[in-house]
2 protein chains.
Amino acid sequence: MIPGAMKKHQDLLAFLRSQKMRVTPPRRLLLQFILDHSNRRLSIREIQEFMGAQLRKADRSSVYRNLETFERLGIIQSLSFPGEGRRYQYVFDRKVRHFYICRSCGKANRGDERLFRRVEAALKDIHGFAKANLSVVFYGACSKCRKNSPTA
Amino acid sequence: MIPGAMKKHQDLLAFLRSQKMRVTPPRRLLLQFILDHSNRRLSIREIQEFMGAQLRKADRSSVYRNLETFERLGIIQSLSFPGEGRRYQYVFDRKVRHFYICRSCGKANRGDERLFRRVEAALKDIHGFAKANLSVVFYGACSKCRKNSPTA
DNA sequence: GCAGTTATTGCGACTTGTTGCAATAAGTTG
DNA sequence: CAACTTATTGCAACAAGTCGCAATAACTGC
Ligand SMILES: [Mn+2]
Ligand SMILES: [Mn+2]
Ligand SMILES: [Zn+2]
Ligand SMILES: [Zn+2]
């Protein structure tokens, strides 16, 4: 377990309770795993493998249901990546929560803070709100693919 | 078949060929269906039902493979909607290609052109490009859900 | 702590989605 | 309009994901 993650884990359990959600073994475990790998986009495969390998393992269906729950609460953001299926990423207290996904080669990048702020500002100007836990996803062609095909 | 869609259908077949893709019965049919319902987000269920119901029907796997192909080429954009799974929408020559998805209630809205232009401009300023067939997706809480929960 | 309430779990049956492969047919060349 | 090349298809076996339901256990209130 990564140092500093302990505090976050406790915070998130408190957050869950504040949302009237129960703290159960499957949820603790899943949250732990997501936090310990908060810098990666996790595949359902590795999540399920971890959850199944634990002593007190959780059923497949519970894992799916909890991922859905966590996403609804803004703890994680799931996205489909071309060629590698759906992936889950921790976003709860991230300053930057936007992603570029190349439709052509499937490569994904994280954005910089400046762009994220600009997009937030535009959203606020035009629709009158700045949101907590907003995520933004751009689908397009990466610079490499743009060079190869003028259509992209 | 919707009037005016005929031309588009032909154009897209030409586009496919320009991308060195073959024009096959499953592709014609799928494209037809997507164009005839270009204003809706189609579920895989209704797509498969249509494809299967046709005289010259296409296999499930071919439908999935072609949806993937069409998405890679920027003809459609697929998105996962909370509570209703993945949906497919025609975006090829749309002026506005962004979506708001509420993580809490799953409702989705189309955006207005002004915001889309602002976001495009920000992207160009900061990353130096304006993309053809860019799609932008916002995940957050809709106004209704924001009222109900201060956390969202 | 104990009893009561009910969200969450695990299970099983089912549906949806993926993949390798051999057969097919779209496009190309002469 | 053949003959050829190879992308695409349908199929079948498999893997991933969903859903209703009865059992369980997390929280609440006393
Ligand atoms: Mn795939
Ligand atoms: Mn669902
Ligand atoms: Zn790319
Ligand atoms: Zn909502």
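Reminder, nothing fancy here: chain letters follow the sequence lines and each chain counts from 1. Not measured: the values here are computed from a predicted model.
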Taking the nucleotide of DNA chain C with the closest heavy atom to each, which residue, B/Q48 or B/K20, is nearer the 5' end?
->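 Closer to the 5' end of DNA chain C: B/Q48.
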Could you check A/S61 against B/P25 and say which one's nearest nucleotide on DNA chain C is further toward the 5' end?
->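 Its nearest nucleotide being more 5', the pick is A/S61.
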B/R60, nearest nucleotide to its side chain (from D/dA13, D/dA16, D/dG10) |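 Of all the options, the side chain of B/R60 is nearest to D/dA13.
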Contact check, side chains of [X] and [Y], non-hydrogen atoms, under 4.5 Å:
| X | Y | value |
| --- | --- | --- |
| A/V63 | A/F50 | no |
| B/E46 | B/H37 | no |
| B/L31 | B/I75 | yes |

For residues 68-96 of chain A, which residue pairs qualify under ring pair (Phe, Tyr, Trp, His ring centres under 6.0 Å), counting only residues two or more places apart or in two chains?
->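 Checked against ring pair (Phe, Tyr, Trp, His ring centres under 6.0 Å) - neighbours excluded - the pairs reaching residues 68-96 of chain A are A/F15-A/F92.
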Is it true that A/M51 and A/L16 fall in one hydrophobic cluster, defined by side-chain heavy atoms closer than 4.5 Å?
-> yes
Please report the distance, rounded to the nearest Å, between [atom1] in [X] and [atom2] in [N].
| X | N | atom1 | atom2 | result |
| --- | --- | --- | --- | --- |
| A/E46 | D/dA15 | CD | P | 19 Å |
| B/I44 | D/dT18 | CD1 | C1' | 16 Å |
| B/E84 | C/dT15 | CD | C1' | 18 Å |
| B/K57 | D/dT8 | NZ | P | 23 Å |
| A/R86 | D/dA16 | CZ | C1' | 12 Å |
| A/Q19 | C/dT8 | CD | P | 12 Å |
| A/R27 | C/dA7 | CZ | P | 11 Å |
| A/N66 | D/dA26 | CG | C1' | 14 Å |

Is the phosphate of C/dT8, meaning OP1 or OP2, less than 4.0 Å from a side-chain N or O of A/T24?
-> no
Got a sec, which residues hit salt bridge (Lys or Arg N to Asp or Glu O under 4.0 Å) with B/D11, two or more places apart in sequence or on another chain?
-> B/K7
Evaluation steps, salt bridge (charged side-chain N to carboxylate O under 4.0 Å, His left out), between B/E120 and B/R117 | CA-CA 5 Å; B/E120 274 192 322; B/R117 295 288 161 245; 2.6 Å; yes
Below 3.5 Å between N/O atoms, which protein atoms pair up with nucleotides 4-6 of chain D? Just atom names and distances, please.
residue: D/dT6; atom: O2; partner: B/R22; partner atom: NH1; Å: 3.3

Give a yes or no on whether a donor-acceptor pair under 3.5 Å exists between the nucleobase atoms of D/dG10, that is its base, and the side chain of B/R65.
->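 Indeed, a donor on one side and an acceptor on the other fall under 3.5 Å apart.
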For A/D59 and A/R17, take the nucleotide of DNA chain D holding the closest heavy atom to each; which residue's nucleotide lies nearer the 5' end?
-> A/D59
